[in-house]
Amino acid sequence: MISKAEILILMPEIFILTLACLILIVDTFSQDPLRRVTYYLSQLTLVLTAVLVIGFSPEQTVYAFGNSFISDGMSVVLKTGVFVISFFAFLYSHEYLKEHGWLKGEYFVLGLFAILGMMILISAYSLLTVYLGLELLSLSLYAMIAMHRESTTASEAAMKFFVLGAIASGMLLYGMSMIYGVTGSLELGTIATNIESNGDNPLLVFGLVFIMVGIAFKLGAVPFHMWIPDVYQGSPTCVTLFIASAPKLAAFAMAMRLLVDGLQPLLNDWQGMLIILSILSMATGNIIAISQTNIKRMLAYSTIAHVGFLLLGLLSGTPSGYAGSMFYIITYALMSMGAFGMIILLGRKGFEADELAHFKGLSERSPWFAFIMLILMFSMAGVPPFLGFWGKWFVLKEVVDAGFVWLAATAVFFSIIGAYYYIRVIKFMYFDKADSMTAIKASKQMRFALSVNGLALLILGLMPGALLAICVSVLSIAA
Amino acid sequence: MIEQTVFYIFSALLLLSAGLMITVRNPVFAALFLILSFFSTSAIWLLLEAEFLAITLVVVYVGAVMILFMFVVMMLDINLSALREGFARYLPIGGMVAISMALSMVLVINAGEFGLASDTVQRHGADYSNTKELGVALYTHYLYPFEIAGAILLVAIIAAITLTMRGPRSSKAQKPGEQVLVKSTDRLRIIKMKSEGADSEPEKDPLAESKLAQSEDITVKKESL
Amino acid sequence: MDLFENMEDIYLAIVLAPLLGSVIAGLFGKLIGRSGAHWVAIAGVGVSFVLSLLAYYHLFYNGGEVYNAAVYTWLNSGDLHFEIGFLIDQLSVTMMVVVTFVSWIIHIYTIGYMVDDPGYQRFFSYISLFTFAMLMLVMSNNFLQLFFGWEAVGLVSYLLIGFWYKREPAIFANLKAFLVNRVGDFGFLLGVAAVFMHFHSMDYIEVFEQAPALASVTVNIWGDESWSLMSVICICLFIGAMGKSAQVPLHVWLPDSMEGPTPISALIHAATMVTAGIFMVSRMSPLFELSETALNFILIIGATTAFFMGLLALVQNDIKRVIAYSTLSQLGYMTVALGASAYAAAMFHLVTHAFFKALLFLAAGAVIIAMHHQQDMRKYGGLYRYMPITWITCLVGSIALIGFPGTSGFYSKDAIIEAVHLSTLPAAGYAYVAVLSGVFITALYSFRLFFMTFHGQEKMDKQTWEHLHECPRVVTIPLLILAIPSLIIGAWFAGPMLFGDHFAGAIHVAEGHAVLLELGSHYHGEWYQIAWQFFVHAISHPTVILLAFSGVFTAWLLYIKFPTVPEKFANNLSMIHRLLVNKYGFDDFYQKVFAGGAKGIGRLFWQMGDVKLIDGLMVNGSALSVRWFSGKIRQIQSGYLYHYAFAMIVGLLLFLAVFVHKLI
């Protein structure tokens with residue numbers, strides 16, 4: 001039976017669901033073309049849910065609802081990360097939608113549902129909840145992309161994402177059914193112990209391959225990455241920003257739950273798969289990004305390359321490796337949010353600043369935001385002392401410690417190739433003449449948020465110890 | 001023995017109808033074959049004593065979803081030749097992939113792995129309620145996933161409405177009350193205009209009130225000039 | 001007292017106040033305007049100075065404890081702890097007071113000197129930043145932070161030498177300074193790395209504690225040759241000091257650095273940064289004491305610098321360059337003291353030198369202002385009539401420099417000479433002769449400068465002469481303030497610093513090397529008694545004083561009495577003169593062999609390697625091929641949904657084949 005304690009543990013999820021429904025109703029009655037009430041209520045919901053998550057964070061790992069829900073250190077940290085990032089993403093989105101004139105209240109409601117999906121995914125401890133969380137998240141995202149009906153590219157992106165996502169979740173589900181069939185349990189902990197006691201079985205690896213496809217698709221690892229460039233480029237920039245940031249944390253959590261919590265005994269198998277995915281991703285992402293002229297598409301390939309790096313930490317198979325990956329994904333989410341935020345900042349009604357050429361001469365138009373973009377690009381390229389460098393450093397260190405020196409060398413090699421296209425953006429900003437000297441039109445909030453976003457990379461980069469310590473401590477308890 | 005015979009009949013029917021569903025040219029037939037495959041599945045579920053699921057499948061999918069689907073298929077004019085274009089071209093490579101996938105599955109999966117080879121399905125008495133068992137499981141042990149599923153459906157509804165609704169549409173019905181109240185001046189307005197091609201006139205705001213008077217003023221001024 | 005309870009906060013404030021000032025002046029310079037910038041910078045350093053005094057008081061008079069702790073752990077990575085920590089003992093607190101005091105005075109002086117400069121705010125931002133970096137260096141408790149400070153002061157120095165970045169020589173000079181320092185830093189980094197490799201720690205105290213145990217360890221660097229570990233570490237570290245403190249043969253950057261604004265020459269290239277090497281060696285005394293090889297090496301380098309660089313000052317005509325060579329020579333003196341294990345004497349000379357050399361530079365700066373940025377002394381003369389304050393302060397600086405009895409330079413220099421005399425190291429004999437004859441040279445060039453500038457015939461052009469007047473008070477007051485310690489601080493601190501327990505615990509001297517202890521056995525009592533005994537000793541053993549006076553006398557003869565004589569000397573002894581003017585050919589040699597050679601090799605590599613191989617084949621080639629490749633594989637991204645789905649299924653099959661069926 002369900003106890004009161006279990007309900008309490010689930011409080012943040014219940015709260016956000018209730019508020020999302022409430023906001024939906026409030027929005028229906030709202031006449032305001034700027035949807036201020038909806039927007040502010042959504043932001044308030046995020047803040048309050050964050051407070052609840054931190055407030056209800058358990059001392060040690062707690063399971064609820066027949067072990068289908070887990071609340072541990074990792075879930076608290078990742079959820080908090082999701083809230084912070086979503087808060088910024090909502091802020092940027094509101095600015096973007098206002099400017100481009102298709103502001104709809106449902107955008108934020110769907111966003112909240114997507115966040116609920118992420119929370120469920122992060123806290124999932126059974127195959128069923130993993131799947132449902134993933135579906136809730138994906139469904140909300142499909143709708144958010146397609147929401148701008150006038151844009152044909154958005155519809156195309158939504159369609160591609162939807163179909164490929166359906167294929168991927170079909171495969172995931174099939175893999176899960178295999179695992180369930182062999183172990184007789186949906187619950188991840190039991191699955192792990194069953195595999196441990198019953199030994200090796202080709203069916204398990206068979207199921208694992210399908211599950212791996214689902215994970216790789218969600219993360220965007222080669223060769224399951226095909227949706228990323230098209231979706232990133234086709235979607236409205238605010239949606240791209242959202243997709244490229246917070247859901248990555250959830251995807252990381254999904255990988256952690258399935259591979260580490262559930263299928264740890266198959267480490268040797270999934271390690272091999274991750275190595276292949278990682279190398280392919282780093283190679284493909286970094287190389288193709290070079291020939292892009294659209295910055296959204298370039299960032300999409302950069303995402304793929306970053307995922308390759310992220311996988312390095314996971315495949316090292318140690319708690320500190322997972323911590324490195326977690327650090328990496330948080331930093332990545334911050335960086336990609338900032339980069340897409342810059343595109344929003346430079347855009348205006350009827351104009352998307354999504355070509356690389358639009359960044360030409362930015363240092364003359366706005367020295368400050370050129371500087372912020374410089375931080376973002378250097379951070380993505382992994383130049384010390386920016387935050388991105390530390391992500392790469394920790395992950396590489398773990399890979400070397402796990403004995404894959406050649407893999408670390410490959411990673412460094414590809415990240416050097418990758419530095420080219422990041423630095424090219426900087427070259428455009430500082431050494432090229434601007435095509436037009438249009439003043440940047442953006443609200444104070446937007447400017448402030450973006451500045452905070454950029455400077456955070458610098459400041460956290462100067463003192464990465466605290467964030468890393470958090471990552472290490474929550475994962476060493478979990479393992 | 002009879003049970004097994006029935007099982008094989010329905011299984012064969014299921015595979016056949018599913019195969020035909022994706023190969024027949026006419027989409028209406030395809031939908032009908034899909035209905036047939038649902039029926040077969042439902043029969044197999046009955047053999048497994050899953051009465052509730054079997055009935056739900058017939059009621060929901062066959063009764064509601066598929067009928068709706070039939071309507072859509074019949075109403076839309078789907079260009080079949082476009083859909084089939086390239087089928088032959090991609091058949092070899094697609095077939096190869098399909099075969100290797102099937103081979104891979106066959107090599108790995110066998111019933112023994114799932115512990116189903118020896119045991120037969122456990123039988124229940126007449127008072128056993130399949131519906132109640134499902135309900136108990138859903139609302140206690142699986143409450144959390146059940147609620148998430150509810151949230152997913154809600155999102156689906158919101159998404160569907162957001163993506164299709166284009167705001168309240170103005171109806172084109174007549175409004176007799178307004179028709180009666182209308183005055184002749186609302187219908188017809190006499191404006192004096194000078195002939196085209198004359199000296200340019202200062203542009204006037206067309207929405208300004210008392211156009212008549214204004215235009216008269218202008219003509220007066222003109223004359224005085 | 002409550003004030004001293006939170007010393008950590010005070011130490012943090014000492015470091016951060018200049019940084020804050022720098023950031024505000026630098027980033028918001030336009031916003032706060034010129035006066036805003038100098039106020040904020042001066043306030044920052046002023047706070048730092050007052051708090052340093054407080055720390056000094058706390059440690060010496062209030063019975064405060066030596067502070068050694070990490071204030072912030074940046075990162076832990078295995079054995080390596082990246083920490084920011086402070087070691088506040090007698091040594092560092094002395095440096096802190098000197099650095100902040102001189103820096104503060106120079107901040108004030110800058111208001112007058114840079115008054116017309118467009119880069120006013122930038123300048124204040126830089127010098128405050130320099131103060132921050134220097135304090136980080138001095139207060140560090142570990143090698144990593146030391147290295148950070150070391151590089152940071154180098155960087156600011158680079159920026160400031162090239163402050164007038166539109167002037168060709170300034171750019172040349174800052175590049176030169178940067179490159180030469182790189183050579184030293186390379187040695188320094190090797191030293192730090194060797195320390196970490198063998199001690200597994202970056203913390204000073206931990207390293208010092210382990211040092212005696214590792215004294216006899218030897219390492220193989222080249223083949224089977226085995227070297228004492230301590231010698232290797234110490235010589236590597238000292239090479240770093242040679243770069244920073246401009247010792248032969250890495251001295252060439254310092255004279256050129258005079259292209260920077262004069263306040264910088266005073267602060268960075270005379271009083272503080274260049275003494276970082278001296279400070280570092282004193283700090284590492286527990287290591288250096290374990291290697292006599294290194295000490296001999298230091299003695300030779302220091303003595304050579306002290307004597308030969310002094311000689312060069314004789315033929316220079318640029319007023320700042322004369323002082324620059326004098327700085328080199330004085331740094332040589334300090335280095336000699338280090339080699340003789342008289343670390344306290346080196347530190348003492350460092351302190352007194354900081355005051356009187358900063359004074360001399362600022363006085364020269366005042367002259368330069370008055371002469372409209374004319375720096376050639378041959379165009380000066382007779383200035384004492386027009387600039388009395390500058391004249392008197394410059395005289396104070398000069399007599400302190402030559403070691404006139406009673407001035408601060410007298411005590412510190414005498415101590416060094418005596419210490420070298422007592423040292424038993426093999427190189428001490430050479431060093432003694434060098435430093436002793438250096439006294440004569442010092443007096444000669446100091447008063448050559450003094451006479452040529454302030455006395456004799458007025459040789460400036462008419463226009464300059466008409467506008468000749470004393471500098472504003474914002475310039476002269478710093479001169480007066482600096483003149484006071486230049487005169488008296490030596491007498492006051494000679495006793496405690498040299499023979500007392502001023503540096504007890506902070507400096508370690510091995511049994512056989514305790515020259516200062518031996519010297520101290522002749523001096524007893526309170527500070528004024530010791531000062532008096534010094535005086536008496538100097539009179540009773542008059543060699544040093546006589547040398548100094550004869551130097552002054554010679555200068556008077558040559559530049560006042562018979563001003564044509566130097567010309568004749570130059571003509572008759574053209575060989576020697578040319579040798580000196582060419583600065584022994586160091587610069588030309590480096591320019592031709594290293595710079596030229598590097599350029600030549602560079603050109604070769606550029607043409608052979610870069611243009612053809614790298615640009616042609618690798619960069620452009622690889623860039624092209626990567627681009628080509630990139631363009632090719634992006635075609636996989638066709639945009640067709642079924643291609644994407646197909647790719648996914650192929651990927652899936654691949655995984656199945658590899659991991660389930662083990663086909664590969």
Side-chain angles (χ1 to χ4, degrees), chain A residues 156 159-160 163-164 166-168 171 175 202-210 212-213 216-217 221-230 234 266 268-270 272-273 276-277 280 283-284 286-292 297 300-301 390 393-394 397 401 417 420-421 462-466 468-469, chain C residues 19 23 27-28 30-31 70-84 148 151-152 618-620 622-664:
Chain A
E156 186 190 328
M159 199 62 213
K160 281 180 180 165
V163 173
L164 294 174
I167 295 174
M171 288 181 179
L203 253 184
L204 284 172
V205 185
F206 186 75
L208 171 65
V209 168
F210 281 88
M212 187 58 85
V213 172
F217 177 83
V222 178
F224 309 101
H225 68 290
M226 298 293 220
W227 62 279
I228 288 199
D230 289 15
L266 301 178
N268 281 335
D269 293 293
W270 57 256
M273 296 180 200
I276 294 178
L277 289 174
L280 284 178
T284 315
N286 280 321
I287 291 175
I288 304 193
I290 290 174
S291 60
Q292 302 303 324
R297 207 169 174 82
Y301 283 106
W390 294 109
W393 167 263
F394 294 137
K397 188 167 157 283
D401 284 354
I417 292 186
Y420 169 77
Y421 57 88
L462 290 176
M463 39 189 86
L468 183 72
Chain C
L19 180 65
V23 167
L27 292 184
F28 306 103
K30 270 187 196 151
L31 205 69
V71 290
Y72 175 67
T73 303
W74 188 30
L75 196 72
N76 284 326
S77 185
D79 249 358
L80 195 55
H81 303 287
F82 294 104
E83 276 174 350
I84 293 173
F148 164 78
E151 292 298 315
M618 292 170 76
V619 174
N620 290 346
S622 66
L624 277 180
S625 48
V626 166
R627 265 169 179 279
W628 176 83
F629 187 55
S630 164
K632 278 283 161 202
I633 56 172
R634 76 185 273 217
Q635 288 172 359
I636 297 172
Q637 194 81 25
S638 57
Y640 290 114
L641 197 47
Y642 55 91
H643 283 177
Y644 295 0
F646 188 72
M648 284 173 69
I649 291 171
V650 169
L652 175 77
L653 278 177
L654 188 88
F655 272 15
L656 286 177
V658 175
F659 291 100
V660 180
H661 305 294
K662 318 271 185 210
L663 290 182
I664 300 168

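Quantities reported herein were computed from a predicted structural model and do not represent experimental measurements. In what follows, every chain begins at residue 1, and chains take the letters A, B, ... in the order their sequences are listed.
The nearest pair of heavy atoms linking C:Phe655 to A:Met212 is CE2-CG, 3.9 Å. Between A:Pro223 and C:Gly651, the shortest heavy-atom contact is CG-CA, 3.8 Å. Summarising the geometry of C:Met648 relative to A:Phe224, their closest heavy-atom pair is O-CE2, 3.1 Å, with the distance given to 0.1 Å.
Among residue pairs with one or both ends in residues 648-659 of chain C, none qualify as side-chain hydrogen bond (donor to acceptor under 3.5 Å, both in side chains); sequence neighbours excluded. Pairs of residues two or more places apart, or lying in two chains, that qualify as salt bridge (charged side-chain N to carboxylate O under 4.0 Å, His left out) and include a residue from residues 654-664 of chain C are A:Asp269-C:Lys662.
Proximity to chain C is absent for every atom of A:Ala216, based on heavy atoms less than 4.5 angstrom apart. Proximity to chain C is absent for every atom of A:Leu280, based on heavy atoms less than 4.5 angstrom apart. Proximity to chain C (any heavy atom under 4.5 Å) is shown, for A:Phe210, by both the backbone and the side chain.
In this structure, C:Leu641 CG and A:Asp230 CG are separated by 9.0 Å, a value rounded to the nearest 0.5 Å.
Residue with the most contacts toward chain C among A:Glu156, A:Met171, A:Met463: A:Met463 (heavy-atom pairs, distance under 4.5 Å). Of the listed residues A:Val163, A:Asp401, A:Val222, A:Ile167, the one with more heavy-atom pairs under 4.5 angstrom with chain C than any other is A:Val163.
Remark: of the listed residues A:Ile276, A:Leu208, A:Leu266, A:Ile276 is the sole one forming a side chain to side chain contact (heavy atoms under 4.5 Å, CB included) with C:Phe659.
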